[in-house]
Amino acid sequence: MSFRGNNLGGFPNSQPGFQNPVYGVSPHANNESAKVKYGRIFEQFSKKVEDLTDHPLVMKLKPYTPTIARFFIVATFYEDSFRIMAQWSDQVFYLWNYRHFPYYFVVFFLFCVVVSMMIGATLLILRKQTVYATTALICTVVLQGLVYGLFTGSSFVLRNISVIGGLLIAFGDSIVTNRATFGMLPELDSKDGKFKNYLLLAGRILMVLLFITFTFTKSWLTVILTLAGTVCIAIGYKTKFASISLGLILAFYNITVNNYWFHGSSKRDFLKYEFYQNLSIIGGLLLVGNTGAGQLSIDEKKKIY
């Protein structure tokens, strides 16, 4: 690429390859060539990673990937339902005696939460009544946080906001263009699928909030990779590469740190909760990497321009 300008260091420059004998090549040209070089290296590396999804074994699993991703997203709701049923007396005792809610309200609340999570998670996996299923699951996240008094911790808030982001992505993925998903929402039937794209955008932004707290106690390399990946996911740039990278980082962390199966009851519940919450985010990343970020993203704009 030739130097842009009429002169270099005060000397006439009419030839593209001219170098000032005193000052050499313009530092701007060096900076530009370095940016091009590293940009090319990143493009080649990211393409190699993305090409892994075209492996024959991966292609065989691709038709089932959305279902697997949706199962990962709602796995935390199944786990929470089974935990409440297994610890029913403890849950009732805590809300009744420590949170000071009326006994019959506690029983009714826990029953509704368990039923809503079980039915909502199953419907979302099957792509049936996705509006009702997504609404029910989001409501259980919010209501449990309020009733249990868990909104005081920033880590809990960000983690559950990320789970809601995964639910929005699963819901957005279930919307079929040119077909109304719910009669009361005519936007879903628009030809350009604007509502779906806004859902995917909101879901991506909410989902990456988890990594704000995730990076605090990690190595510098993990912090850099995670921050770069979250920005890419949020703006929809190199979405497949970013989803694969963040998914692998989170999966590695989940298996090595949140391995609840190796711990006793005192720490087991906490690690199990984090494991399934992270699994939900991995499902959202898997779904984004498989279906794309939607039209409200840099990846889609690049296809147009």
**Request:** Using salt bridge (Lys or Arg N to Asp or Glu O under 4.0 Å) as the criterion, list what pairs up with Glu79, not counting sequence neighbours.
**Result:** none
**Request:** Report yes if the side chains of Asn278 and Thr76 come closer than 4.5 Å at any heavy-atom pair, otherwise no.
**Result:** no
**Request:** Please identify each residue that fulfils side-chain hydrogen bond (donor to acceptor under 3.5 Å, both in side chains) with Thr135, with sequence neighbours left out.
**Result:** none
**Inter- and intrachain pairs under side-chain hydrogen bond (donor to acceptor under 3.5 Å, both in side chains), touching residues 98-120, at least two apart** = none
**Message:** How close do Gly229 and Ala242 get, counting heavy atoms only, and between which atoms?
**Reply:** O-CB, 3.8 Å
**Asked** Rounded to the nearest 0.5 Å, what separation is found between the CD1 atom of Ile282 and the OG atom of Ser243?
**Response** 12.0 Å
**Joint hydrophobic cluster, Val114 plus Phe108, side-chain heavy atoms closer than 4.5 Å** = no
**Test ring-ring contact (aromatic ring centres under 6.0 Å, His included) applied to Phe101 - qualifying residues, sequence neighbours left out** = Phe105
**Prompt:** With sequence neighbours left out, what residues match Asn258 under side-chain hydrogen bond (donor to acceptor under 3.5 Å, both in side chains)?
**Reply:** Asn254
**Prompt:** Honestly curious: do Phe252 and Val257 fall in one hydrophobic cluster under the side-chain, below-4.5 Å linking rule?
**Reply:** no
**Prompt:** How far does CG of Leu206 sit from CD1 of Ile161, to the nearest 0.5 angstrom?
**Reply:** 6.5 Å
**Item:** Linked, directly or transitively: Leu246 and Ile255 (ILVMFWY side chains, under 4.5 Å)
**Value:** no
**Request:** Sequence neighbours left out, what passes side-chain hydrogen bond (donor to acceptor under 3.5 Å, both in side chains) with Asn97? Give chain and number order.
**Result:** none
Under 3.5 Å, side-chain donor or acceptor atoms of residues 63-74 against the rest of the protein: list the pairs with distances, not counting sequence neighbours.
unit_1, atom_1, unit_2, atom_2, d
Thr65, OG1, Leu61, O, 3.1
Thr65, OG1, Lys62, O, 3.3
Thr67, OG1, Arg70, NH2, 3.4
Arg70, NE, Leu124, O, 3.2
Arg70, NE, Ile125, O, 3.2
Arg70, NH2, Ile125, O, 3.0

**Item:** salt bridge (Lys or Arg N to Asp or Glu O under 4.0 Å) partners of residues 250-275, not counting sequence neighbours, each pair once
**Value:** Arg159-Glu274
**Prompt:** Do Asn160 and Gln144 have a side chain donor and acceptor closer than 3.5 Å?
**Reply:** no
**Message:** Per the salt bridge (Lys or Arg N to Asp or Glu O under 4.0 Å) rule, what does the pair list look like for residues 222-231, sequence neighbours excluded?
**Reply:** none
**Item:** hydrophobic_cluster_shared for Ile224 and Phe241, side chain cutoff 4.5 Å
**Value:** no
**Asked** Parallel, tilted or perpendicular: which describes the rings of Tyr148 and Phe109, with under 30° parallel and over 60° perpendicular?
**Response** tilted
**Prompt:** From Arg204 CZ over to Ile169 CD1, what is the distance, rounded to the nearest 0.5 angstrom?
**Reply:** 7.5 Å
**Request:** Please report the closest heavy-atom contact between Phe171 and Thr130, naming both atoms and the distance.
**Result:** CE1-OG1, 3.5 Å
**Fill in**
Sorted by chain and residue number, the side chain to side chain contact (heavy atoms under 4.5 Å, CB included) partners of Leu126 (sequence neighbours excluded) come out as Thr122, Lys128
**Request:** Could you please spell out the steps behind the ring-ring contact (aromatic ring centres under 6.0 Å, His included) verdict for Trp261 and Phe275?
**Result:** CA-CA 11 Å; Trp261 46 88; Phe275 178 88; 5.6 Å; yes
**Request:** Just do the side-chain contact (heavy atoms from CB on, under 4.5 Å) check on Tyr78 and Met118 with the steps written out, would you?
**Result:** CA-CA 6 Å; Tyr78 283 123; Met118 293 289 287; 3.8 Å; yes
**Message:** List the residues meeting side chain to side chain contact (heavy atoms under 4.5 Å, CB included) with Ala75, not counting sequence neighbours, and say none if there are none.
**Reply:** Tyr276, Leu279
**Prompt:** Just by distance, do the side chain of Thr230 and the backbone of Leu227 share a donor-acceptor pair under 3.5 Å?
**Reply:** yes
**Message:** Run the side-chain contact (heavy atoms from CB on, under 4.5 Å) test on Val163 and Phe77 for me, step by step, so that the C-alpha distance in whole Å, both residues' side-chain angles and the decisive distance to 0.1 Å come before the verdict.
**Reply:** CA-CA 10 Å; Val163 171; Phe77 296 99; 3.9 Å; yes
**Prompt:** How many angstroms lie between CD1 in Ile281 and CG in Leu286, if you round to the nearest 0.5 Å?
**Reply:** 13.0 Å
**Complete:** Taken in chain and number order and not counting sequence neighbours, the residues that satisfy side-chain hydrogen bond (donor to acceptor under 3.5 Å, both in side chains) with Tyr94 are none
**Item:** Leu287 to Ala170 - nearest heavy-atom pair and separation
**Value:** CD2-CA, 3.6 Å
**Item:** Rounded distance [0.5 Å steps], CG in Leu137 versus CG in Leu123
**Value:** 9.0 Å
**Spatial distance of atom CD1 (Ile244) from atom CG (Leu248) [nearest 0.5 Å]** = 7.5 Å
**Beyond-backbone contact of Leu285 with Ile233, side-chain heavy atoms, under 4.5 angstrom** = yes
